[in-house]
2 protein chains.
Amino acid sequence: MANKSSRKRGSYHIGNLDTLLLDEARLVLAEVGPTKLSLRGVSDRVGVSATATYHHFSNKNVLLAHLAAKGFHELSQVLRKRSNSSEPYDILRTGCIAYFKFARQNPELYQLMFGPEIQAERSIAELKAARAEAFGDLRQIISEVTNEPADSKTVLDGALASWSFTHGIASLFIHDVIHYPSSTDIKLVDKSLKALSQIFLQGK
Amino acid sequence: MANKSSRKRGSYHIGNLDTLLLDEARLVLAEVGPTKLSLRGVSDRVGVSATATYHHFSNKNVLLAHLAAKGFHELSQVLRKRSNSSEPYDILRTGCIAYFKFARQNPELYQLMFGPEIQAERSIAELKAARAEAFGDLRQIISEVTNEPADSKTVLDGALASWSFTHGIASLFIHDVIHYPSSTDIKLVDKSLKALSQIFLQGK
DNA sequence: ACCTGAACACCGTTCAAGT
DNA sequence: ACCTGAACACCGTTCAAGT
């Protein structure tokens, strides 16, 4: 937080402009959100001309894609912390809550990761890879929950369903669709998980 | 499709510029997506100066908010078509699939409705009202599914959980996170619903 | 009351030029 | 190899002026 604004550089060249831009972009993202982040603004704050940025990222979308890829990596990290219980419901719950907390703590980054600014399909390979990695971690969790192989159909479908649910609730919270004091977030996830199980139990 | 491009107007004034702009914006939205829609572009296509638009919508966000509100109204319509079965699982399934189909058929509108361009909380009242209406319809469905009053806690939590799930899966599809031939979409929703019930059954 | 043109402060991106 | 300034084609928004 202190050495970050060593603005005046002695030399013409910089060296690690890639990471400087990426780090600053992450800050700007958190401050103004994904729709108002601008290449020129980020470049300015780093103390470099906007055109310099184009020597490190071929365009704005590529910069954003790198940011999003970083987000998926962090999400992976978060999903790897396992529950100390071996009860299926507890394992699932732990995963859901970890995911949910990540989204809540990085709302703008999360919006970017799943927002319209990023068309992952036609973006850099790193993004798709990072996203696939995160989905892999999710499958791993569901594999433990269901006690079936990670590449089985059951696990795949279960992972997709769980991802949908958790992404959905995180997304609704971030977009202020749900109004709860933030201290009771997790309780709501809990209640929803139970409510959902209630519904399905009854439907069986 | 024919009388829409009656561009050259005889008089200086127009009359129903509000709806003309809104309709054209909807088309542009479907063509270029929520991030690339521009006020100037829409005004141009209607055949009017960009400044004229400001006499009908105080800024771009208000225009987008009206579009999103329209989306929520249409979503409400769609959710009101009830299942002919009275089996709880069937009612839920019918609602989920109707919601899902709406999202798939209007991907850019759906992205707008839940995207970062719209901060519903600080936008026009119509938007919040339309969204609340749609959520009301969802609660109604869950009330039928669970056979409990629509304002009960069970129904509220269940509606939130179901909304999360359905919004989640729709959102993941729209953002190309899931790759399935579009003919098998619904099958996947089905399988996910079942997989989820599977998981919860096991966890109980 | 409703619409326009010119202007301001921003964008993303490119290209020739500087170190 | 890495960075800059000027320029182009766009934005959203405002303001004085036209019908």
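Given the structure is predicted, the values throughout are model-derived calculations rather than measurements.
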Under the criterion side chain to side chain donor-acceptor pair (under 3.5 Å), which of Gln105(B), Arg104(B), His167(B) is the partner of Tyr110(B)?
His167(B)

Looking only at the side chain of Ala52(B) (C-beta and beyond, no hydrogens), which of the listed nucleotides dC11(C), dT4(C), dT4(D) gets closest?
dT4(C)

Contacts to DNA chain D from residues 58-68 of chain B, heavy-atom cutoff under 4.0 Å, which residues?
Asn59(B), Lys60(B)

List the residues meeting side chain to side chain donor-acceptor pair (under 3.5 Å) with Thr53(B), not counting sequence neighbours, and say none if there are none.
Ser43(B)

Let me know the distance between NE2 of His56(A) and C1' of dC2(D), rounded to the nearest Å.
7 Å

Side chain to side chain contact (heavy atoms under 4.5 Å, CB included) partners for Lys128(B), two or more places apart
Glu121(B)

Per the ring-ring contact (aromatic ring centres under 6.0 Å, His included) rule, what does the pair list look like for residues 15-65 of chain B, sequence neighbours excluded?
Phe57(B)-His66(B)

Looking at Lys101(A), I want to see if its NZ is surrounded by more than 12 non-hydrogen atoms of other residues, nucleotides or ligands under 6.0 Å.
no

Residue mapping more 5' on DNA chain C - nearest nucleotide basis, Leu37(A) or His55(A)
Leu37(A)

Rounded off to whole Å, could you give me the CG-to-C1' distance for the Asn16(A) and dC3(D) pair?
15 Å

Can you find a side chain N or O atom of Ser38(B) that sits less than 4.0 Å from OP1 or OP2 on dC11(D)?
yes

Please walk me through it: do Asp176(A) and Arg122(B) pass salt bridge (charged side-chain N to carboxylate O under 4.0 Å, His left out)?
CA-CA 10 Å; Asp176(A) 284 321; Arg122(B) 48 189 65 194; over 6 Å; no

Select one nucleotide: of dA7(D), dG12(D), dT4(D), the one nearest the side-chain heavy atoms of Arg40(B).
dG12(D)

Specify the separation, in whole Å, of atom OH of Tyr54(A) and atom P of dC15(C).
12 Å

The nucleotide from dC15(C), dC3(C), dG12(C) with an atom nearest the side chain of Thr51(A) is dC15(C)

Backbone N/O of Asp90(B) and side chain of Ser85(B): donor-acceptor pair under 3.5 Å:
no

Stem list, DNA chain C (Watson-Crick or G-U pairing under 3.5 Å, at least 3 consecutive pairs)
C:4-8 with D:12-16, C:12-16 with D:4-8

Establish, from distance only, whether the side-chain atoms of Asp157(B) and Ser192(A) form a donor-acceptor pair under 3.5 Å.
no

Nearest of dC3(C), dC11(C), dG12(D) to any side-chain atom of Leu17(B)?
dC3(C)

Sequence neighbours left out, what pairs pass ring-ring contact (aromatic ring centres under 6.0 Å, His included) with at least one residue falling in residues 118-160 of chain B?
Phe135(B)-Trp163(B)

Specify the separation, in whole Å, of atom CZ of Phe57(A) and atom P of dC2(D).
13 Å

CG of Asp44(A) versus C1' of dG12(C): gap in Å, rounded?
14 Å

The side chain of Leu39(A) is closest to which nucleotide in this list: dC3(C), dG12(C), dT13(D)?
dG12(C)

